[in-house]
Amino acid sequence: MNYNGRTYPYPVLGIDDNFTGDENKDTFKPILTVSSDYRMIRLDITYHLKNDELLKLINSNQAVFCTQLYCRSTMFRQSFISKKQKELIEIKSNQLRDEVEVDFFICASEEIKNYNNSMFNTVFSGVSFEIEKGDLLGYGGSTTFFANKTPEELKSISSFMSIDTENKSGVPMYNDYDGDKITIILSQEDYETYQSIKKESLLTSTLHSSVVLPALAEAIRFLTTNEGDDYKNRKWHELLSSLIEKHPTDDPLQSAQKILDLPVNRSFSTLYNNLIKT
Amino acid sequence: MKRQILIFTESYTARLYRNLNQSDNLRLYLEKVFPYEEIFPKGDSGIFIDDKFELNPDKSDFENSIALYENLDLDETQASDKRLWTYLTHVRFWDYMNKKWSIEGLERPLGRIKDRYFLNTVNIESLSRNGISRLWWYTHLTIDRSRKDPYELTRILLNRQDIAVGIFERRLGSISCIRKGILDYLQENPTIMKSEDKTRDLIKFINLVGGVKNLSMLKLSEVKTILDKFPIN
């Protein structure tokens, strides 16, 4: 959720320049670590807060640290509150699926009359506010994680691309972006050949170079131009965006090669070592 | 006898959806039995349903919703699996779908097929539109076993279609105390429940409150205190 773009009726730490000395948005900085097994998902959170008055409100039970989880696939949306700066949250694995959004707040846990803070932006100096339970006093930003997915699984191309056919002969391959995965559509005869050779490890890097590389480069071009905007809520969009961020270049073809770990090079090496050298 | 439900493979589910791009395939949704490729539903879903259980298109959504929920034991991750719901709409509950969400006579049937027979992206809106998943989720999100009638809130939700749409088309609807607070409030305030405009305004009102407040940390009683501030007239 976008909490930054909103106008609040009182200053909120972490929003725009509501507080002085918070230009880098590091006065309230939560750190999240996620781990999971087949039964439970665990979130270890450390709330770093460098504002004495807000800390005092938390220590006197007038405010709390709060982590809100939202999983749009399972409609799970829940807040976990804490007075401690270190918190462990455990959730059953079968309650979350795919992407989970996490937002961090400091919220009022009761009515606070005459709320003020010496770090309010000077335009608010001398002004105090009436705060109700649940009102946001601080925003520590947001992050996401993928439930029950290891980093290795998320990096794997099969997590966002698949290969299929529409049973047409003699047609060129193309990408279909409509599902949770990008589907590379092959002609009927190419698909049948692909099915019979895909298990040959010798040919994996060649398949990557000839089929997956151009399809991925085209998908990166599609995503990084306005054309991909209609697909922002697709799983492939989220996963591919995070991979592009980790392999930044201005050129889709180069990005694709970095994501696939230089498939042309691997393909040439494999073919040379097995066909020429032997 | 209970029998294990098969589910389509992910690639076959995507293929069925892609096939809608060819207008010839739309007429398949008028067939008595949907012509799916029988090699694609695989076993071992771990989900069982009684052989004799059927949904009845002549009964209300409320009755079908409870009947399905009581007969289909799922956890949340199973219930957000597009492969499962696509199989159920195309195979197991095809008769129900064909009557309840028939495309016969529609000038543009594509929208209805995509919305009601598929689940292209999984979120609160799409799950409450798919012809079968909506029934399961309606009860799942409103059942309250602490009440004498655990389905009391489900009945209010399905009293009018715009109530369910109003609650589930916003992210707000994913917060349990908000859903239940709104439905409870409507039950206690029949003047508002009877008016589509006032119901819509009530949902907008709580949505606005959520702009500055973290509603998901509140208790049901606290949500109801906020709703009590809604200007009835």
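Order of the sequence lines sets the chain letters (A, B, ...), proteins ahead of strands, with each chain counted from 1.
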- Task: Decide side-chain hydrogen bond (donor to acceptor under 3.5 Å, both in side chains) for A:S73 and B:S80; before the verdict, give the C-alpha distance in whole Å, the side-chain angles of both, and the deciding distance to 0.1 Å.
- Result: CA-CA 6 Å; A:S73 296; B:S80 56; 5.2 Å; no
Is [X] in contact with chain B via its backbone, its side chain, both, or neither, using a 4.5 Å heavy-atom distance?
| X | answer |
| --- | --- |
| A:V12 | neither |
| A:F80 | neither |
| A:Y70 | side chain |

To the closest 0.5 Å, what do you measure between [atom1] ([X]) and [atom2] ([Y])?
| X | Y | atom1 | atom2 | result |
| --- | --- | --- | --- | --- |
| A:I163 | B:S11 | CD1 | OG | 11.5 Å |
| B:I124 | A:M75 | CD1 | CE | 5.0 Å |
| A:S79 | B:L218 | OG | CG | 8.5 Å |
| A:R72 | B:S174 | CZ | OG | 12.0 Å |
| A:D164 | B:E10 | CG | CD | 11.0 Å |
| B:I178 | A:R77 | CD1 | CZ | 8.5 Å |

Mind listing the closest non-hydrogen atom pair of [X] and [Y] along with its distance?
| X | Y | result |
| --- | --- | --- |
| A:Y10 | B:V212 | OH-O, 3.5 Å |
| B:N214 | A:F105 | ND2-CD1, 3.8 Å |
| B:M217 | A:C107 | SD-CB, 3.4 Å |

Within-4.5 Å side-chain heavy-atom neighbours: [X] and [Y]:
| X | Y | value |
| --- | --- | --- |
| B:E76 | A:F76 | no |
| A:T74 | B:T77 | yes |
| A:Q78 | B:I175 | no |
| B:N21 | A:D176 | yes |
| A:E101 | B:R171 | yes |
| A:R97 | B:V122 | no |

Considering residues, nucleotides and ligands other than [X], do more than 12 of their heavy atoms fall under 6.0 Å from its [atom1]?
| X | atom1 | answer |
| --- | --- | --- |
| B:D73 | CG | no |
| A:K29 | NZ | no |
| A:R42 | CZ | yes |

Do you know which of [options] has the most heavy-atom pairs under 4.5 Å to chain A?
| options | result |
| --- | --- |
| B:H140, B:E222, B:K213 | B:K213 |
| B:L127, B:L215, B:N19, B:D81 | B:D81 |
| B:R18, B:Q78, B:Q22, B:K82 | B:R18 |

- Task: State whether B:R15 and A:E166 are salt-bridged, where the test is any N-O pair (Lys NZ or Arg NE/NH1/NH2 against Asp/Glu carboxylate O) under 4.0 Å.
- Result: no
- Query: Can B:D75 and A:K92 be counted as an ion pair, charged N to O under 4.0 angstrom?
  - Reply: no
- Message: Taking side chain as everything from C-beta outward and backbone as N, CA, C, O, which of these in B:L119 sits under 4.5 Å from a heavy atom of chain A? Side chain, backbone, both or neither.
- Response: neither
